[in-house]
Amino acid sequence: MTAIETEGLTRRYGEVTALEDLSLTVDEGELFGLLGPNGSGKTTTIEILTGQLTPTSGSATVLSHDPVAEPLAVREAIGILPEREDPPSFLTPREYLQFVGDVRDLADVAGRIETWADRLSFSHKLDTLATDLSEGERQRVMLAQAFLHEPSLVFIDEPLVNLDPILQEEVKDHLQEYCDAGNTLFLSTHFVDVAEELCTDVAILREGELLATRDPRELAGEETLLEYFISTVGADPAEVTR
């Protein structure tokens, strides 16, 4: 079954083209990566697919919904972790996640909060104001809100930003388990090692254009995804590795 499909997806801002004629298919159960340098159109793609931005032309379906015609239906069905978005500074993680659960009309919100706080190692910060949390702790809270309602599809923009190495490994394990259970993950990153380690398929973008779609495992023995990416995009290795 298809989780996401786009056809000729394009977004322009006046004379500036942020995304040009993007056509791709993501099957259910995939851990799909959108890889490209900053400014390549990754965030624009996610904003269109999650109903936050209207394309200039082209079409998309997300879990059989049109994100332009049915943005609320899409947002109800999916989880989203935007890049560099924090919980409200005046709320504690518990209060914020309770609000998210109430908006989504979830059962046993308190239990879900405890489960995710334990899984992402911020139980001891549940009642601390978000303004007093570190960047990594705020990122953990935002990860929790994306998965709180147990969606079958989650969009994540730069999933490991601000996380310490130990928690990065724990989050990678969770993302893999999530997809192994038949769910779908659509992540964007400009770090090649993240895409190579996690993703079953990777779409490479540059300046809004899709250059190639590759399964990192198929490159084994020929060249690494990093080598392929650099030769395709011409990126500085220092900008795409951790």
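Panel note: side chain T92, backbone T128; no donor-acceptor pair is recorded below 3.5 Å. With hydrogens and angles ignored, the 3.5 Å screen pairs no side-chain donor or acceptor of T189 with any backbone N or O of E158. Of the possible donor and acceptor atoms, none in the side chain of R214 sits under 3.5 Å from a partner among the backbone N and O of D201. The main-chain N or O of L97 is never found under 3.5 Å from a side-chain atom of R112 such that the two would form a donor-acceptor pair. Counting only distance, with no hydrogens or angles, the side chain of S57 and the backbone of P55 share no donor-acceptor pair below 3.5 Å. With K42 contributing its side chain and G36 its backbone, the two residues share a donor-acceptor pair below 3.5 Å. In this structure a side-chain-to-backbone donor-acceptor pair under 3.5 Å is missing from Y96 to S89. Here the side chain of E30 pairs no donor or acceptor atom with the backbone of T184 at under 3.5 angstrom. A donor-acceptor pair is defined here as one N or O able to donate and one able to accept, closer than 3.5 Å; no such pair exists between the side chain of K125 and the backbone of S134. Of the possible donor and acceptor atoms, one in the side chain of N183 sits under 3.5 Å from a partner among the backbone N and O of Y178.
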Only distances under 3.5 Å count here; give the side-chain donor-acceptor pairs of residues 70-77 to other protein atoms, sequence neighbours excluded, each with its distance to 0.1 Å.
from : atom 1 : to  : atom 2 : distance (Å)
E70  : OE1    : D66 : N      : 3.0
E70  : OE2    : H65 : ND1    : 3.3
R75  : NE     : T50 : O      : 3.3
R75  : NH2    : G51 : O      : 2.3

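Listed here is the closest heavy atom pair of A144 and L120: N-CD1, 3.7 Å. Of all non-hydrogen atoms in Q168 and L160, the two that sit nearest each other are NE2-O, 3.8 Å. When every heavy atom of L106 is checked against every heavy atom of V109, the shortest pair comes out as O-CG2, 3.3 Å. The nearest pair of heavy atoms linking I48 to P67 is O-CB, 3.4 Å. Of all heavy-atom pairs spanning L205 and G41, the tightest one is CD1-C, 3.9 Å. The shortest non-hydrogen separation linking G8 to S23 is N-OG, 2.9 Å.
The aromatic rings of F186 and F32 lie parallel to each other, with less than 30° between the two planes, well short of the 60° mark.
Residue L24 is not grouped with residue V68 when hydrophobic side chains (ILVMFWY) are merged at heavy-atom distances under 4.5 angstrom, including chains of intermediate members. Each of L31 and M1 belongs to its own hydrophobic cluster when Ile, Leu, Val, Met, Phe, Trp and Tyr are linked at side-chain heavy-atom distances under 4.5 angstrom.
To the nearest 0.5 Å, atom CG of residue L19 and atom OG of residue S40 are 9.5 Å apart. Note that the CG atom of D27 and the CD1 atom of I4 stand 10.0 Å from one another [nearest 0.5 Å]. Interatomic distance, L185 CG to L198 CG, rounded to the nearest 0.5 Å: 8.0 Å. Note that the CG atom of D108 and the OG1 atom of T115 stand 7.5 Å from one another [nearest 0.5 Å]. Atom CZ of F122 is separated from atom CZ of R138 by 13.5 Å, given to the nearest 0.5 angstrom. Atoms OG and CD1, on S123 and I113 in that order, are 11.0 Å from each other to the nearest 0.5 Å.
At a threshold of 4.5 Å between non-hydrogen side-chain atoms, the residues T10 and L22 do not count as touching. T213 is not listed as a side-chain neighbour of V202, based on a closest heavy-atom distance of 4.5 Å or more. L129 has its side chain out of reach of L91: every pair of non-hydrogen atoms, C-beta onward, lies at least 4.5 Å apart. Considering only heavy atoms from C-beta on, R140 stays 4.5 Å or farther from N162 through its side chain. By the 4.5 Å heavy-atom criterion applied to side chains, W116 and H174 are counted as neighbours. V62 places a side-chain heavy atom less than 4.5 Å from the side chain of L153. Put simply, the side chain of D215 does not reach to within 4.5 Å of the side chain of T200, judged on heavy atoms. Between I156 and I80, every side-chain heavy-atom pair lies at or beyond the 4.5 Å cut-off.
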Run L143 and L163 through side-chain contact (heavy atoms from CB on, under 4.5 Å) and show every step you take.
CA-CA 11 Å; L143 275 165; L163 299 180; 4.1 Å; yes
side-chain contact (heavy atoms from CB on, under 4.5 Å) between F155 and L81: does it pass, once the steps are laid out?
CA-CA 6 Å; F155 291 85; L81 176 59; over 6 Å; no
Report the C-alpha separation of Q139 and V161 in whole Å, then their side-chain angles, then the decisive distance to 0.1 Å, and conclude whether the side-chain contact (heavy atoms from CB on, under 4.5 Å) test is met.
CA-CA 8 Å; Q139 177 75 355; V161 66; 3.5 Å; yes
Let me see the working for T2 and E28 under side-chain contact (heavy atoms from CB on, under 4.5 Å), right down to the final yes or no.
CA-CA 6 Å; T2 300; E28 290 182 356; over 6 Å; no
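Partners of D127 by salt bridge (Lys or Arg N to Asp or Glu O under 4.0 Å), not counting sequence neighbours, listed by chain and number: R94. Taking the salt bridge (Lys or Arg N to Asp or Glu O under 4.0 Å) definition, one finds that R119 meets it with nothing, sequence neighbours left out.
Counted by atom type alone, T43 and D157 present one or more donor-acceptor pairs between their side chains at under 3.5 Å. When only modelled atom types and interatomic distance are considered, D180 and Q176 share a side-chain donor-acceptor pair under 3.5 Å.
In summary, R206 and E209 do not engage in a salt bridge, as defined by a charged side-chain N under 4.0 Å from a carboxylate O. With respect to R12 and E20, a salt bridge is recorded, a charged nitrogen being found less than 4.0 Å from a carboxylate O.
The number of heavy-atom neighbours closer than 6.0 Å to CD of E95, taken from other residues, nucleotides and ligands shown, is above 12. Within 6.0 Å of atom CD in E169, more than 12 heavy atoms from other residues, nucleotides or ligands are found, so the atom counts as buried in its surroundings.
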